[in-house]
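Here the structure is a predicted model, which is why all the values come from computation and not from measurement. For this chain, numbers begin at 1 and follow the sequence in order.
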Amino acid sequence: MPISFKAIIPKPFKSQAFDRELLEAMQETVDEADKEFAKTYKDFNHKPKFEKDVRDTGSEIIGSVLTSGDPSKENPYPWVQRGTKVRRARMTPDFVSKTQPGVISSRSGRGGVMFVSKKLNLPGIEARNSEEEILKIIKPRLLKKAQRALDKATKASGHGI
């Protein structure tokens, strides 16, 4: 009995489907991260400026949500997020911080700065580290979105099962 073989040749691979789907998943994730960061300063009088970026380098897709600017009276966000070794500001006796370490959302807070002096050497601001808390929320979401994007792109590329 003769045996015959027939080659199964796959359709041409459409890599654009992968780029499109993964870029979309990254953009959605960056938008979600931006919303989470907005919770950290919602009650601030001086709101920081954030820049969102998603780009495809050819070998990887990079998404970022970054705050810009140096810390200042008008932009205290970097001091609050990263913390300081020394506090140069004397706060009012009724002062209650708008943020807490390990908590994403800010609250209304109370009080404020009485005066600032380089002569003051008070205990510094404790870092809030919201980035770590937001990462705990965003990372699993990104992994799910990336898997769905890969599944969808595999089908769109003509190589899905």
Side-chain angles (χ1 to χ4, degrees), residues 17-156:
F18 286 88
D19 292 343
R20 183 181 63 250
E21 294 298 334
L22 289 170
L23 277 169
E24 186 177 311
M26 181 60 79
Q27 185 63 57
E28 288 174 11
T29 304
V30 165
D31 290 342
E32 289 177 15
D34 189 45
K35 288 178 185 173
E36 292 296 326
F37 276 109
K39 294 176 186 177
T40 67
Y41 60 84
K42 71 178 182 196
D43 293 320
F44 281 35
N45 293 330
H46 302 289
K47 298 195 180 344
K49 292 182 176 108
F50 276 79
E51 296 175 9
K52 300 185 296 184
D53 183 39
V54 175
R55 56 191 156 98
D56 183 354
T57 66
S59 61
E60 60 186 352
I61 295 174
I62 301 169
S64 63
V65 180
L66 303 170
T67 185
S68 59
D70 293 327
S72 67
K73 183 178 179 182
E74 289 75 33
N75 186 24
Y77 192 79
W79 285 326
V80 173
Q81 287 304 312
R82 302 276 187 271
T84 63
K85 292 180 182 176
V86 176
R87 185 187 291 255
R88 304 282 186 200
R90 170 70 66 194
M91 308 309 281
T92 58
D94 66 336
F95 177 75
V96 174
S97 175
K98 293 180 183 187
T99 58
Q100 300 171 330
V103 178
I104 294 174
S105 294
S106 63
R107 55 188 179 192
S108 58
R110 187 170 58 240
V113 176
M114 286 185 356
F115 65 91
V116 177
S117 172
K118 289 186 178 181
K119 295 178 182 177
L120 287 176
N121 286 316
L122 301 172
I125 299 169
E126 187 176 355
R128 300 310 191 245
N129 295 323
S130 299
E131 295 98 341
E132 294 170 12
E133 297 303 316
I134 291 170
L135 180 63
K136 289 177 188 175
I137 294 168
I138 295 299
K139 186 176 179 179
R141 291 181 188 175
L142 175 59
L143 294 175
K144 287 178 185 174
K145 286 177 191 301
Q147 187 60 58
R148 277 194 298 256
L150 290 172
D151 293 345
K152 191 174 176 183
T154 301
K155 290 177 185 170

Those residues that, when tested against D31, pass salt bridge (Lys or Arg N to Asp or Glu O under 4.0 Å) (two or more places apart):
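Scan of D31 (salt bridge (Lys or Arg N to Asp or Glu O under 4.0 Å), adjacent residues dropped) gives K52.
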Output all residues satisfying salt bridge (Lys or Arg N to Asp or Glu O under 4.0 Å) with K39, sequence neighbours left out; order by chain, then residue number.
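By the salt bridge (Lys or Arg N to Asp or Glu O under 4.0 Å) rule, K39 matches E36.
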Applying salt bridge (charged side-chain N to carboxylate O under 4.0 Å, His left out) as the test, list every pair that has at least one member in [range]; sequence neighbours left out.
range	answer
residues 118-129	none
residues 17-28	E21-K152, E28-K145
residues 130-143	E32-R141, R82-E131, E133-K136
residues 84-94	none

Residues two or more places apart in sequence or in another chain: which of them pass ring pair (Phe, Tyr, Trp, His ring centres under 6.0 Å) with F50?
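So F50 forms a ring pair (Phe, Tyr, Trp, His ring centres under 6.0 Å) with F37, Y41, Y77.
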Taking atom NZ as the centre, does K42 end up with more than 12 heavy-atom neighbours from other residues, nucleotides or ligands that are less than 6.0 angstrom away?
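Yes, the 6.0 Å shell around NZ holds more than 12 heavy atoms from other groups.
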Got more than 12 heavy atoms from elsewhere within 6.0 Å of NZ, K47?
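Buried by this count: over 12 neighbours within 6.0 Å.
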Return the set of residues passing side chain to side chain contact (heavy atoms under 4.5 Å, CB included) with [X] (not counting sequence neighbours), or none when no residue passes.
X	result
D53	R55, S64
V103	Q100
E74	S72

Nearest 0.5 Å, what's the CG-OG1 distance between D34 and T29?
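Reported to 0.5 Å precision, the distance equals 12.5 Å.
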Residue pairs passing the ring-ring contact (aromatic ring centres under 6.0 Å, His included) test where at least one lies in residues 79-99, sequence neighbours excluded
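Sorted pair list comes back empty.
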If I compare all heavy atoms of S130 with all of T40, which pair ends up nearest, and what's the gap?
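Smallest heavy-atom distance, with atoms named: OG-CG2, 3.5 Å.
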